Amino acid sequence: MISTPALRARHLDSNVALQQAIVDALGAEAEGPEAAFRAHAAAGACLAALHTALVRWAEEDGRPHLPELIGQALAAAFGDGVVGR
């Protein structure tokens, strides 16, 4: 998917839509532009961490434990104290 431009573009479009859905579900935009900004940034960072973990998982033919990879990616993005072990 990453090496095919059309699939990569579709994936990025889906990520943007998912990020907006997360922000909408949090109701952050109703709280004002600053809350919406923070929600967009946090959702985007979480989705980027998820994407990074999925790419590593796919590169290693699904051998690593995906939830552990996601936790590692989130810890790399937000710090070790954010993700419970």
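Only heavy atoms go into these numbers, but all of them, side chains included; no hydrogens, no water, no symmetry mates. Because the structure is a prediction, the values reported are computed rather than measured.
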Quick check: closest heavy atoms across [X] and [Y], and the distance to 0.1 Å?
| X | Y | value |
| --- | --- | --- |
| Ala43 | Gln19 | CB-CG, 3.9 Å |
| Ala42 | Phe78 | O-CZ, 4.1 Å |
| Leu66 | Ala53 | CD1-O, 4.1 Å |

* Asked: side-chain hydrogen bond (donor to acceptor under 3.5 Å, both in side chains) with Glu29: which residues, sequence neighbours excluded?
  ->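 Per chain and number, Glu29 pairs via side-chain hydrogen bond (donor to acceptor under 3.5 Å, both in side chains) with Gln20, His40.
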
Among residues at least two apart in sequence or on other chains, which ones pass salt bridge (charged side-chain N to carboxylate O under 4.0 Å, His left out) with [X]?
| X | value |
| --- | --- |
| Glu34 | none |
| Asp61 | Arg63 |
| Arg56 | Glu60 |

Return the set of residues passing side-chain contact (heavy atoms from CB on, under 4.5 Å) with Ala49 (not counting sequence neighbours), or none when no residue passes.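 Applying side-chain contact (heavy atoms from CB on, under 4.5 Å) to Ala49 gives Ala73, Leu74.
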
Return all side-chain donor-acceptor pairs below 3.5 angstrom for residues 3-18, not counting sequence neighbours, or 'none' if the list is empty.
residue : atom : partner : partner atom : Å
Arg8    : NH1  : Ile2    : O            : 2.5
His11   : NE2  : His51   : ND1          : 2.9
Ser14   : OG   : Arg10   : O            : 3.1

Gap between atom CG of Leu47 and atom CD1 of Ile22 - 0.5 Å precision:
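Ile22 atom CD1 to Leu47 atom CG measures 4.5 Å (nearest 0.5 Å).
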
> Is there a side-chain contact between Leu69 and Leu54 (heavy atoms, below 4.5 Å)?
Replying inline: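 The answer is no, as the side chains (C-beta and beyond) never meet within the 4.5 Å cut-off.
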
